[in-house]
A.B. asks: 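A single structure is presented below for examination.
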Amino acid sequence: MIINLDEVDSTNEYLKRMVEDGYDSDEMLTVTAQFQTAGKGRRGRQWFSDPGTALMFSVLVKPKLAMDDFSMITLIMAMAVRQSLKDIDIDPRIKWPNDIVLGEKKICGILTEALLESKRLIVGVGINTNQESIPQELKDSATSILLETDDCVDHDSLLDSILFNFEKLLDRLSESGDMTDLKSEYEEALVSLDKEVTVLDPTGEFNGTCKGIDNKGQLIVSHEGQDTYVYAGEVSVRGIYGYV
Ligand code: BTN
């Protein structure tokens, strides 16, 4: 089911309230909005876009996975977005774990929030599609599909395609229980594969070479001859060349 809203505080918050108010179907539920008055990014940041210029939606799912494994769903959504963009001749890459980049700039962010009590997950996606300009302070790190390709994106068909791909990938993930079958497809899209990355974690910062992901979707970074497994919830990874 898809609920289309003109305006909402945040599509993630809307779904959270639905669950708090007793929504308990196992069916996947999607909410889109033309405009968010309090759109949320990761790390407490805001996510803002002028009305109708970005594709913004959130999906509520009850994955057939242990809650410890929910972080893989973010990777699956990134793969679905990439696949759907490829189908319209755009070839973006994934910046593990939450972003999609075109060239070296971000065009999509994903905010995944777990609802512990109901064992559900909200996957919120914001795609910079048809913005004609990007705010000055974000220009070095973000762009839109329109700015990069000169083409406007049809939000309805892109959303349908992403949801279709997401459900297919989710089935594959649920069947195997981990990323074993999806790993190579994911790594094909991984912008940092075999490149130097900086891992920022609470215990300090180090540089290493990105070797791909393991079966649980953790990023493998080789550092001083040793592989480190980077868990999405713990660190952020920045390439040492610009944004990526
Ligand atoms: C990020 O890159 O920091 C994640 C951005 C996620 C933005 C989307 S827009 C739809 C959904 N609703 C929100 O409030 N946030 C996500």
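All ligand and atom numbering here is 1-based and tracks the order in the structure.
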A.B. asks: Can you tell whether the side chains of Glu113 and Arg120 come within less than 4.0 Å, N to carboxylate O?
C.D. replies: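 So Glu113 does not pair with Arg120 through a salt bridge.
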A.B. asks: Does only the side chain of Asn98 get under 4.0 Å from ligand 1, or the backbone, or both, or neither? Count heavy atoms.
C.D. replies: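 Neither part.
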A.B. asks: Judging by distance only, is a nitrogen or oxygen of Trp47 under 3.5 angstrom from one on ligand 1?
C.D. replies: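 In fact, backbone or side chain, Trp47 has no N or O that close.
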A.B. asks: Any idea which protein heavy atom is nearest atom 3 (O) of ligand 1, and the distance to it?
C.D. replies: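 Of every protein heavy atom, Arg42 N, 2.7 Å lies nearest to atom 3 (O) of ligand 1.
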A.B. asks: With nothing but distance in play, are any N or O atoms of Arg45 less than 3.5 Å from an N or O of ligand 1?
C.D. replies: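 No, since none of the N or O atoms of Arg45 sits under 3.5 Å from an N or O of ligand 1.
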A.B. asks: Between Lys216 and Asp178 (salt bridge meaning N to carboxylate O under 4.0 Å), is one present in this structure?
C.D. replies: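 Judged by the 4.0 Å cut-off on N to carboxylate O distance, Lys216 and Asp178 do not form a salt bridge.
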A.B. asks: Taking 4.0 angstrom as the limit and counting only heavy atoms of Thr11, give me the atoms of ligand 1 inside it, by number and element.
C.D. replies: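 Atoms satisfying the 4.0 Å criterion: 10 (C), 11 (C), 12 (N).
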A.B. asks: Scan side-chain atoms only and decide if Ser176 and Thr180 contain a donor-acceptor pair under the 3.5 Å cut-off.
C.D. replies: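 Side-chain D/A pair, Ser176 to Thr180: absent.
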A.B. asks: Would you mind telling me if ligand 1 is within reach of the side chain of Arg43, the backbone, both or neither, using heavy atoms under 4.0 Å?
C.D. replies: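 The answer is neither.
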A.B. asks: Which label fits Phe206 and His223: parallel for a plane angle under 30°, tilted from 30 to 60°, or perpendicular past 60°?
C.D. replies: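 Tilted.
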A.B. asks: Does Asp26 pair with Lys119 as a salt bridge, N-O distance under 4.0 Å?
C.D. replies: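 No salt bridge links Asp26 with Lys119.
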A.B. asks: May I ask you to identify the nearest protein heavy atom to atom 15 (N) of ligand 1, giving residue, atom name and distance to one decimal place in Å?
C.D. replies: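 Heavy-atom neighbour on the protein nearest atom 15 (N) of ligand 1: Lys40 O, 2.8 Å.
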A.B. asks: Between Glu13 and ligand 1, which part of the residue brings a heavy atom under 4.0 Å of the ligand: side chain, backbone, both or neither?
C.D. replies: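 No part of Glu13 is near ligand 1 at this cut-off.
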A.B. asks: What atoms of ligand 1 come within less than 4.0 Å of a heavy atom belonging to Gly39?
C.D. replies: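 Per the distance check, 14 (O).
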A.B. asks: Have Thr37 and Asp9 got a donor and an acceptor in their side chains that come within less than 3.5 Å?
C.D. replies: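 Looking only at side-chain atoms, Asp9 and Thr37 do not form any donor-acceptor pair under 3.5 Å.
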A.B. asks: Pick whichever of Val123, Ile110, Thr37 has a heavy atom sitting closest to atom 4 (C) of ligand 1.
C.D. replies: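 Among Val123, Ile110, Thr37, the closest heavy atom to atom 4 (C) of ligand 1 belongs to Ile110.
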A.B. asks: Between Asp91 and Arg82 (salt bridge meaning N to carboxylate O under 4.0 Å), is one present in this structure?
C.D. replies: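 Salt bridge present between Asp91 and Arg82.
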A.B. asks: For atom 2 (O) of ligand 1, grab the closest protein heavy atom and report residue, atom and distance to one decimal in Å.
C.D. replies: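 Protein heavy atom at minimum distance: Lys106 NZ, 2.5 Å.
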A.B. asks: So among Thr30, Leu115, Leu121, which one has a side-chain contact (heavy atoms from CB on, under 4.5 Å) with Leu60?
C.D. replies: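 Exactly one option meets the side-chain contact (heavy atoms from CB on, under 4.5 Å) with Leu60, and it is Leu115.
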A.B. asks: Quick one: which ligand 1 atoms are inside 4.0 Å of a heavy atom on Ser58?
C.D. replies: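 Atoms satisfying the 4.0 Å criterion: 11 (C), 12 (N).
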